[in-house]
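One structure is given below, encoded as structure tokens.
Not measured: the values here are computed from a predicted model.
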Number of protein chains: 2
Amino acid sequence: MTRKTEREFLAEYDPADYPAIAVTVDVVALTIREGALHVLLVDRAGHPYLGRRALPGGFVQDETLDAAARRELAEETGLRAGERALDRVHLEQLRTYGDPGRDPRMRVVSVAYLAFAPSLPDPRAGGDAAAAHWVPVAAAGALAFDHDTVLADGLERARSKLEYTPLATAFVQDEFTIAELRAVYAAVWGEDLHAGNFHRKVLSVPGFVEGTGRTAERGAERGGPRPKLYRAGDATLLHPALLRPATEERVR
Amino acid sequence: MTRKTEREFLAEYDPADYPAIAVTVDVVALTIREGALHVLLVDRAGHPYLGRRALPGGFVQDETLDAAARRELAEETGLRAGERALDRVHLEQLRTYGDPGRDPRMRVVSVAYLAFAPSLPDPRAGGDAAAAHWVPVAAAGALAFDHDTVLADGLERARSKLEYTPLATAFVQDEFTIAELRAVYAAVWGEDLHAGNFHRKVLSVPGFVEGTGRTAERGAERGGPRPKLYRAGDATLLHPALLRPATEERVR
DNA sequence: CAAATAGTGTCTTTTAGACAGTATATA
DNA sequence: TATATACTGTCTAAAAGACACTATTTG
């Protein structure tokens, strides 16, 4: 049993005694554009995987992991800290990837984050964001490192969270119609939902959405009544949940 | 744009250019003993937090993160790799904690794991396991580092996973009765469940449990028919799920 | 006007949960 | 024998999902 004081112990402690592992954050940033789910990807400008697409990410600095993820997202999208669009992005930790060999340079442990954003502008030219673009998830394959796995995990998390949380509202603007919300579910789940039942269901879940008393400027493109506008309610969990259909196939 | 080859690039790459961060794994290992949920804790033998209880954990070596977690669990419980009891333990990644200052010695990023185990023997004396014990979660407070938070996150994950996965079977032996399974839910959720409804519900979820055709040696302590024995089925998700009662209160 | 959509009504099926009842063990 | 338990039956309420219908807006 040691008899050192804590002060003595800290003075003698040498970080170099432990193996060097780099820690990075990678961000799976999702948004919906023209009805399709998109992910933010960057073109790698250096080795390894030069020219391949990758999730945006970088080394963790003297900051929390959450802050590192938000900073990377800001840098790649060109949004500035404090900007409203960036503040509205929902960020949550996804999981951590650390297999030896996942990066040929050295041992890198990457903490992946998942971001849900309303439709954002194209990343601004100049700076880090030059090589970033929104890519339809259907066309996002063959990524660098183990990012195919990270993206797949992020998509599954997103699909799942739509079931039991109100996070679909993170993909739409402050005020939205029920049809816009339904389009989020359709894009993320990859299947259409019955409009009438969806409508009633959303309104019946306490705290999911709240009415604004206002109505959209105009109806749908090819006709229809002007829909009411809603904003996100105060629920953090949906009860009862909106379960995906066809769960049977995923069960075994 | 670089013109180096990948070989040249790797040769020049210097890990020391990046901030030194230590990577550890911590394990929230849960089991049920005498009807109460227990967590595996160690008494810290050194600074910082000398004498405080902590989650078992340690530095990641040249191994996957999952392997590091299983190794730490084996070391602290005294179970040896390849031992059947250890192989049966369900391990999954919980989340990663990396706030600057969470360890006063240096920047430490900890990947936390969650383990579900059937009732295990007391950690063996000798070696690292000397200071480890199973502690009722109700009595597990004031842990070292941010381990109170890690434990709380692990408990919430465990409660939640019991709802929609068959993981309750990871807490019981290979063959079990419906009442034993119900005791797992009661211990993890902290509330009793209606025996009759639970029984029918478990049997009605496809792939949750399958009958063995066998019957327990004897009935309950104070009387009752000898219950049938079941083993885990092949479902990976419960559909429909077994939802916790009183969800309303957790919703906002 | 034709077509599309918002929003509501209704019916059926599934599921959750309350409660009761019977048979079978135990001390 | 008294009591606890396994397991099943039955009823009600909640919820999911299919389908139909009206009113409203668009080109």
Side-chain angles (χ1 to χ4, degrees), chain A residues 35 162-164 172 175-183 185-186 189 191-230 235 237-248 251, chain B residues 35 162-164 172 175-183 185-186 189 191-206 208-209 211-230 235 237-248 251:
Chain A
L162 251 54
E163 292 189 301
Y164 57 92
V172 293
E175 296 200 338
F176 52 86
T177 67
I178 302 296
E180 285 166 352
L181 203 59
R182 177 160 48 85
Y185 279 88
W189 285 352
E191 52 192 318
D192 288 331
L193 285 85
H194 186 284
N197 288 341
F198 181 85
H199 193 106
R200 180 157 12 111
K201 170 76 182 172
V202 166
L203 295 185
S204 76
V205 176
F208 190 2
V209 300
E210 58 183 31
T212 61
R214 306 186 335 106
T215 296
E217 291 296 318
R218 42 164 299 151
E221 278 188 35
R222 295 194 285 178
R226 308 210 313 245
K228 294 180 189 164
L229 290 171
Y230 297 84
L237 290 173
L238 302 185
H239 185 77
L242 278 95
L243 298 177
R244 277 178 276 186
T247 309
E248 322 294 337
V251 154
Chain B
L162 252 53
E163 292 189 300
Y164 58 92
V172 293
E175 296 199 339
F176 52 85
T177 68
I178 302 295
E180 285 166 351
L181 203 59
R182 178 161 47 86
Y185 279 88
W189 285 353
E191 51 192 317
D192 288 331
L193 284 85
H194 186 283
N197 289 340
F198 181 85
H199 193 106
R200 187 182 3 196
K201 171 76 181 171
V202 166
L203 295 185
S204 76
V205 176
F208 191 2
V209 300
T212 61
R214 306 186 337 105
T215 296
E217 291 294 318
R218 43 164 301 151
E221 278 188 35
R222 295 193 287 181
R226 308 211 310 245
K228 294 179 188 164
L229 290 171
Y230 297 84
L237 290 173
L238 302 184
H239 186 76
L242 279 94
L243 298 177
R244 279 177 273 186
T247 308
E248 322 294 337
V251 154

Base contacts versus sugar-phosphate-only contacts with protein, heavy atoms under 4.0 Å: please encode nucleotides 9-19 of chain C as B, S and - from 5' to 3'. BB----SSBBB

Please round to the nearest 0.5 Å and tell me the distance separating atom CG of A:Leu242 and atom OH of A:Tyr185. 4.5 Å

Whole-Å distance separating the CD1 atom of A:Ile178 from the P atom of C:dA4: 22 Å

Over how many whole Å does the gap from A:Leu238 atom CG to D:dA15 atom C1' extend? 15 Å

To the nearest angstrom, the NE2-C1' distance between A:His199 and D:dG17 comes to 17 Å

Measure the distance from CG on A:Leu203 to P on D:dA15 and round it to the nearest whole Å. 15 Å

In whole angstroms, the gap separating C1' of D:dA23 from NZ of A:Lys228 amounts to 13 Å

Separation of D:dA6 C1' from B:Phe198 CZ (nearest whole Å): 13 Å

N/O-N/O pairs, protein side and nucleotides 21-25 of chain C side, under 3.5 Å:
from   : atom 1 : to       : atom 2 : distance (Å)
C:dT24 : O2     : B:Pro225 : N      : 3.2
C:dA25 : O4'    : B:Gly224 : O      : 3.0
C:dA25 : N3     : B:Gly224 : N      : 2.8

State whether A:Arg226 and A:Glu217 are salt-bridged, where the test is any N-O pair (Lys NZ or Arg NE/NH1/NH2 against Asp/Glu carboxylate O) under 4.0 Å. no

How far apart are the C-alpha atoms of A:Phe176 and A:Tyr230, what are their side-chain angles, what is the distance that settles it, and do they pass the ring-ring contact (aromatic ring centres under 6.0 Å, His included) test? CA-CA 5 Å; A:Phe176 52 86; A:Tyr230 297 84; 7.0 Å; no

Give the minimum heavy-atom separation between B:Phe198 and B:Ile178, together with the two atoms involved. CE2-O, 3.7 Å

A quick test of your reading: do over 12 heavy atoms of other residues, nucleotides or ligands sit less than 6.0 Å from CG of A:Asp192? no

Show the nearest heavy-atom pair for residues A:Gly196 and A:His194, with the distance to one decimal. N-ND1, 3.2 Å

Supply the atom-to-atom distance A:Leu229 CG to A:Glu180 CD, rounded to the nearest 0.5 angstrom. 7.5 Å

Separation of C:dG7 C1' from A:Leu181 CG (nearest whole Å): 15 Å

Using a 4.5 Å cut-off on heavy atoms from C-beta on, say whether the side chain of B:Arg214 contacts that of B:Lys228. no

Between B:Glu217 (CD) and C:dT26 (P), how many Å, whole number? 11 Å

A:Glu163 and A:Trp189, any side-chain heavy atoms less than 4.5 Å apart: yes

By the 4.0 Å heavy-atom rule, please label B:Ala179 as base, sugar-phosphate, or nothing. sugar-phosphate

